[in-house]
Colleague: 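Pasting a structure here, questions to come.
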Amino acid sequence: MQPIIRCREVYKSFNGSTLFKKKKPVRALVDINFEVRSGECFGLIGPNGSGKSTLIRILSTLLFPDQGEAHVCGLDVVKRPYQVRPFISRVSVDAAFFKKLSAWENLRYSARLYGVPLKLAKARALDVLGELGFPDKRFTDPMEDLSRGMQQKIAVARALINRPQVLLLDEPTTGLDPRSKREVEAYILRLRKETKLTIFLTTHDMYEAEHLCDRVAIIDKGKIVALDRPSGLKRLVTRKKGSNRVTLEDVFMKLTHKEWVQDASADEVDADSEDDGD
Ligand SMILES: Nc1ncnc2c1ncn2[C@@H]1O[C@H](COP(=O)(O)OP(=O)(O)OP(=O)(O)O)[C@@H](O)[C@H]1O
Ligand SMILES: [Mg+2]
């Protein structure tokens, strides 16, 4: 079966500040290669500044890669951005809204944009928000009066209003209280189990990566240094003395923030572990 997301040799750099002309460009993504299967929940974890959001922006056609190819639903994101967009939705850590408008007015705006009938859009939104524990009576409150967690739940509902095939979630639970976090995670798990939606998720939460994702890639300094099922990733690390199990956090600590010279060995890890997982 054709993968629903495919990246081949993707590179992306950003120019340094014009104030400091000699500053070297930032290499945000370096030789990114991976595929995501339809219906899979694929996780991307890595330190701050490792390139996760840049990759999500490329997959959602908001940025173009400098080199390489990225395909979503069989379409090249550079050559066919307008055709890709109806198939995808993105939830970012800092979702943008019309702050003076209510939650429902914001959702209604998106529904109109996507050509979803308003009655259907409202039913879909209330269904998602019910699952996420969003209080019904706040549905008509201005966005600026809602807490960050509530706004994030509206962002998830908005992303699902057009029934996308691919949901790109950039740190969807960052900044949420523990209950809201669990509600969003449970909903993602339900989507993964009960629908054919493909989910691409970045997170700093190792529990989330391990429990929600079928496979997880670890990115460091723009490079994917390992990719496997969570259980396969954990086999890459030996148990610490005195500890009875290896955690995904141990793997994260071991594989990230290494020097570039060590990357050759990381590539070997990547290749081996991918074979394992498939
Ligand atoms: N528009 C931009 N202009 C210049 N540099 C950028 C831009 N966007 C990202 N970068 C740089 O690219 C690198 C990767 O950033 P990115 O936001 O993708 O990281 P991230 O893994 O999402 O980090 P975080 O976990 O903090 O969200 C960083 O060094 C960042 O400063
Ligand atoms: Mg980010």
Colleague: Evaluate the side-chain proximity of L167 to S89: yes if any heavy-atom separation is below 4.5 Å, no if none is.
Modeller: yes

Colleague: Rounded at 0.5 Å granularity, tell me how far CG in D127 sits from CG in L160.
Modeller: 10.0 Å

Colleague: Show the nearest heavy-atom pair for residues R148 and V93, with the distance to one decimal.
Modeller: NH1-O, 3.3 Å

Colleague: Under the side-chain contact (heavy atoms from CB on, under 4.5 Å) criterion, do I58 and I32 qualify, and how do the steps go?
Modeller: CA-CA 12 Å; I58 287 177; I32 298 291; over 6 Å; no

Colleague: Show me, pair by pair, the donor-acceptor contacts under 3.5 angstrom made by side chains of residues 186-193, not counting sequence neighbours?
Modeller:
unit_1: R190; atom_1: NE; unit_2: E194; atom_2: OE1; d: 2.9
unit_1: R190; atom_1: NH1; unit_2: E131; atom_2: OE1; d: 2.7
unit_1: R190; atom_1: NH1; unit_2: E131; atom_2: OE2; d: 2.4
unit_1: R192; atom_1: NE; unit_2: D214; atom_2: OD1; d: 3.4
unit_1: R192; atom_1: NH1; unit_2: L212; atom_2: O; d: 2.8
unit_1: R192; atom_1: NH2; unit_2: D214; atom_2: OD1; d: 3.0

Colleague: Going by the rule side-chain hydrogen bond (donor to acceptor under 3.5 Å, both in side chains), which residues pair with S110 if we only count those two or more places apart in sequence or in a different chain?
Modeller: none

Colleague: So do T238 and V246 actually touch side chain to side chain, heavy atoms under 4.5 Å?
Modeller: no

Colleague: Side-chain contact test, heavy atoms from C-beta onward, threshold under 4.5 Å: evaluate it for E35 versus E40 and give yes or no.
Modeller: no

Colleague: If you draw the axis of the six-membered ring of F98, does the NZ or CZ of K100 fall within 45° of it and under 6.0 Å from the ring centre?
Modeller: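 The answer is no; the distance or angle limit is not met.
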
Colleague: To the nearest 0.5 Å, tell me how far F252 CZ sits from I218 CD1.
Modeller: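 Here the rounded value is 7.5 Å.
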
Colleague: Do you know which two heavy atoms are closest between L236 and K254, and how far apart they sit?
Modeller: O-NZ, 3.7 Å

Colleague: Would you say the side-chain atoms of Q165 pair up with the backbone N or O of F87, donor to acceptor, closer than 3.5 Å?
Modeller: no

Colleague: Could you tell me whether the side chain of L55 reaches within less than 4.5 Å of the side chain of F34, counting heavy atoms only?
Modeller: yes

Colleague: Output the distance between atom OG (S13) and atom CG (N15), rounded to the nearest 0.5 Å.
Modeller: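 Going from OG on S13 over to CG on N15, the span is 8.0 Å.
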
Colleague: Out of curiosity, Q152 CD to T174 OG1, how far, rounded to the nearest 0.5 Å?
Modeller: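 So the gap between those two atoms works out to 8.0 Å.
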
Colleague: L169 and V77: same hydrophobic cluster, using ILVMFWY side-chain contacts below 4.5 Å?
Modeller: no

Colleague: Roughly how far, to the nearest 0.5 Å, is the CG atom of L233 from the OG1 atom of T247?
Modeller: 11.5 Å

Colleague: Got more than 12 heavy atoms from elsewhere within 6.0 Å of CZ, R80?
Modeller: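 Counting other residues, nucleotides and ligands, CZ of R80 stays at 12 neighbours or fewer.
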
Colleague: Whether the side chain of E9 engages the backbone of Q67 through a donor-acceptor N/O pair (distance < 3.5 Å, no angle test) should be reported.
Modeller: no

Colleague: State whether Y114 and R163 meet the cation-pi test: NZ (Lys) or CZ (Arg) under 6.0 Å from the six-membered ring centroid, and within 45° of the perpendicular axis.
Modeller: no

Colleague: Show every salt bridge (charged side-chain N to carboxylate O under 4.0 Å, His left out) that has at least one partner inside residues 197-210, sequence neighbours left out.
Modeller: K181-D205, K181-E208, E210-K234

Colleague: Could you tell me if the side chain of L227 sits less than 4.5 Å from the side chain of F42, heavy atoms only?
Modeller: yes

Colleague: Do any N or O atoms from the side chain of N106 and from the backbone of A103 form a donor-acceptor pair under 3.5 angstrom?
Modeller: no

Colleague: Is there a side-chain contact between F14 and L63 in this structure, where contact means two heavy atoms from C-beta onward sitting under 4.5 Å apart?
Modeller: yes

Colleague: Mind listing the closest non-hydrogen atom pair of P164 and I88 along with its distance?
Modeller: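 So the minimum-distance heavy-atom pair works out to CB-C, 3.9 Å.
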
Colleague: In the single-linkage hydrophobic clustering (I, L, V, M, F, W, Y; side-chain heavy atoms under 4.5 Å), do V237 and M253 co-cluster?
Modeller: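 Result: yes, single cluster for both.
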
Colleague: Give a yes-or-no answer on whether the side chains of T202 and D170 include a donor-acceptor pair shorter than 3.5 Å.
Modeller: yes

Colleague: Do you know the tightest heavy-atom contact between G39 and T198?
Modeller: N-OG1, 2.9 Å

Colleague: I'd like to know if the side chain of K52 reaches the main chain of G46, judged simply by a donor and an acceptor atom lying under 3.5 Å from each other, with no hydrogens or angles considered.
Modeller: yes

Colleague: Treating T173 as the side-chain partner and L176 as the backbone partner, does any N or O pair qualify as donor plus acceptor under 3.5 Å?
Modeller: no

Colleague: Got a donor-acceptor contact below 3.5 angstrom from the N33 side chain to the D31 backbone?
Modeller: yes

Colleague: Quick one, I161 with L107, criterion side-chain contact (heavy atoms from CB on, under 4.5 Å). Give me CA distance, side-chain angles, the key distance, then yes/no.
Modeller: CA-CA 8 Å; I161 222 153; L107 293 168; 4.0 Å; yes

Colleague: I'd like to know if the side chain of K153 and the backbone of F134 have a donor-acceptor N/O pair within less than 3.5 Å.
Modeller: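 No; judged by distance alone, with no hydrogens or angles, the pair does not exist.
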
Colleague: Decide side-chain contact (heavy atoms from CB on, under 4.5 Å) for I56 and R90; before the verdict, give the C-alpha distance in whole Å, the side-chain angles of both, and the deciding distance to 0.1 Å.
Modeller: CA-CA 8 Å; I56 285 215; R90 182 179 73 113; 3.6 Å; yes

Colleague: Taking all atoms of both residues into account, what is the closest heavy-atom pair of L201 and C213, and its distance?
Modeller: CD2-SG, 3.5 Å

Colleague: Taking atom CG of L101 and atom CG of D141, what is their separation to the nearest 0.5 Å?
Modeller: 13.0 Å

Colleague: Please determine whether residues M143 and V156 belong to a single hydrophobic cluster, defined as Ile, Leu, Val, Met, Phe, Trp and Tyr linked transitively by side-chain heavy-atom distances below 4.5 Å.
Modeller: no

Colleague: Can you tell if the side chain of H204 reaches within under 4.5 Å of the side chain of N48, non-hydrogen atoms only?
Modeller: yes

Colleague: Between C73 and V84, is any pair of side-chain heavy atoms under 4.5 Å apart?
Modeller: no

Colleague: Work out which heavy atom in I5 is nearest to a heavy atom in L59; give both atom names and the distance.
Modeller: CG2-CD2, 3.7 Å

Colleague: Out of curiosity, does L197 fall in the hydrophobic cluster containing V166 (side-chain heavy atoms, cut-off under 4.5 Å, transitive links)?
Modeller: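 Cluster IDs for V166 and L197 differ.
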
Colleague: Does OH belonging to Y109 count more than 12 external heavy atoms closer than 6.0 Å?
Modeller: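 Check fails, neighbour count at 12 or below.
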
Colleague: Do F64 and L62 sit in one hydrophobic cluster, given that two such residues count as connected whenever their side-chain heavy atoms are within less than 4.5 Å of each other, even indirectly?
Modeller: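 The answer is no; the residues belong to distinct hydrophobic clusters.
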
